[in-house]
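A short worksheet on the structure shown next.
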Amino acid sequence: MTVSMRTIDLRSDTVTRPTAAMRRAIAEAEVGDDVYGEDPSVNRLQDIAAERVGKEAALFVPTGTMANQIAIRSHTRHGDVVLATEGAHLLRYESGAAAALSGVQVKTIGSGDAPDAGELRAAIPPIDAHNAPATLLALEISHNAHGGTVPSLEVVRDLTSAARERGLATHLDGARLFNAEVATGTSVAAWASAFDTVSFCLSKGLGAPVGSLVCGTRDQVARIHRMRKMFGGGMRQAGVLAAAGIYALEHHVERLAEDHENARSLAEGLAAAGLDVVRPPQTNILLFEVGDAPAFVGAARERGVLVNAMTATRVRALTHLDVDRADVREALERLRSLVPGPRRAGSL
Ligand SMILES: *Cc1c(COP(=O)(O)O)cnc(C)c1O
């Protein structure tokens, strides 16, 4: 390999760096103290987000983890059960926050990116002295651990109405909800209309350096605002970050289609090379099975391609703003060299 070999980073869509135009927006941002509610850029971002998501209000928070966790805290009491999907980010990748910070038990339902309404009803315990009450249903769209999948709006609506009938609140971890919009043509507002609160990330495919929003009614967002302060997320001249978010919402949504196309073409190329692709990507996340995922990840790194091991045998690759068509072709060439012909037992 030549020393100038460019590393192609497919570990996550969080690795993007702000573009020159986004950096200009950051440099020119009007700011104030957002803990006093006086940062015009944060206020503008929150207004834009609420409007896009079709909710009364939105709150800017530092991370998607905080967005989920303050939403959980606002919807539940200690000892409650939160129902979530298998592999849910808020259970698997948020450092035990739901238990530690809200005192809730998270119980997963089904084995896919969304259970059906029957499975949900069966998972809601009766209200009696023996059971912890289930008070929140949380879904994730697109579903990270299942490979960026997007369940149908009909399934989602059935689920949230079943939850509501039984008195549960509903939260959508929409970290990549804009990917779902672009992939399906169903607007973020349509997805969000099925839920009480919705969060989404600016720092993933949208390419901003930092930030997420939590959206809901004015009352819910007021409660969540208090939780943000309690969890240490009150920021001051956060307008420099909000400006990047506004820029991202104005310029980086439609282009997500390119990431989806790149993920599909990478999947097709890897499948043609004999890799076991879990399913054709619906959005920007690709999962494939190998004999030994950590060994594959190490060998790919040596060839200048970064990917993540999800399990002992499963590898994840994501496409994003900082990898173009040519990078994807190059990544495919380099990864192909790790799979000489159809995969055999014992090969990487
Ligand atoms: C990335 C992500 C989050 C939040 O992650 P942060 O790194 O805390 O911003 C939440 N949910 C899902 C599905 C994610 O992919």
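Quick note: residue numbers are just sequence positions, from 1. First listed ligand is number 1; within each ligand, the first listed atom is number 1. Note: hydrogens, waters and symmetry copies are ignored here, and every other heavy atom, side chains too, is used.
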Atom 9 (O) of ligand 1 - nearest protein heavy atom and its distance: G64 N, 2.8 Å

When distances are taken from atom 13 (C) of ligand 1, the protein heavy atom at minimum range is E140 OE2, 3.2 Å

Would L136 end up clustered with I109 when hydrophobic side chains under 4.5 Å apart are linked, directly or stepwise?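 In one cluster: no.
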
Close-contact set for ligand 1 against [X] heavy atoms, below 4.0 Å:
{"X": "N144", "answer": "15 (O)"}
{"X": "N68", "answer": "10 (C), 11 (N)"}
{"X": "R176", "answer": "15 (O)"}

Side-chain heavy-atom pair R166, L120 within 4.5 angstrom cut-off: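 Result no, sub-4.5 Å side-chain heavy-atom pair not found.
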
Among K204, R92, Q69, closest by heavy atom to atom 2 (C) of ligand 1 is K204

Heavy atom under 4.0 Å from ligand 1: found in [X]'s side chain, backbone, both, or neither?
{"X": "T65", "result": "both"}
{"X": "T63", "result": "both"}
{"X": "E94", "result": "side chain"}

Say whether [X], considering both its backbone and side-chain N or O atoms, lies within less than 3.5 Å of an N or O atom on ligand 1.
{"X": "D173", "value": "yes"}
{"X": "C201", "value": "no"}
{"X": "S203", "value": "no"}

Can you name the one residue among H260, E258, E254 that meets side chain to side chain contact (heavy atoms under 4.5 Å, CB included) with L256?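 Checked H260, E258, E254 against L256; only one passes side chain to side chain contact (heavy atoms under 4.5 Å, CB included): H260.
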
Is R176 salt-bridged to D259, going by a charged N under 4.0 Å from an acidic O?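 Here R176 does not pair with D259 in a salt bridge, since their nearest N and O are not under 4.0 Å apart.
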
Looking at R264 and E268, does any basic side-chain N land under 4.0 Å from a carboxylate oxygen?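 Answer for the salt bridge query: no.
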
Does H143 come within less than 4.0 Å of ligand 1, judged by its heavy atoms? no

Could you label the plane-to-plane angle of the H171 and H75 rings as parallel, tilted or perpendicular, counting under 30° as parallel and over 60° as perpendicular? tilted

Run E154 and R157 through salt bridge (Lys or Arg N to Asp or Glu O under 4.0 Å) and show every step you take. CA-CA 5 Å; E154 197 187 347; R157 283 193 171 141; over 6 Å; no

When you compare the side chains of T319 and N262, does any donor N or O come within less than 3.5 Å of an acceptor on the partner?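 No, no side-chain donor-acceptor contact under 3.5 Å.
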
Salt bridge (Lys or Arg N to Asp or Glu O under 4.0 Å) between R52 and E181, worked out: CA-CA 11 Å; R52 284 297 296 262; E181 173 180 275; 3.2 Å; yes

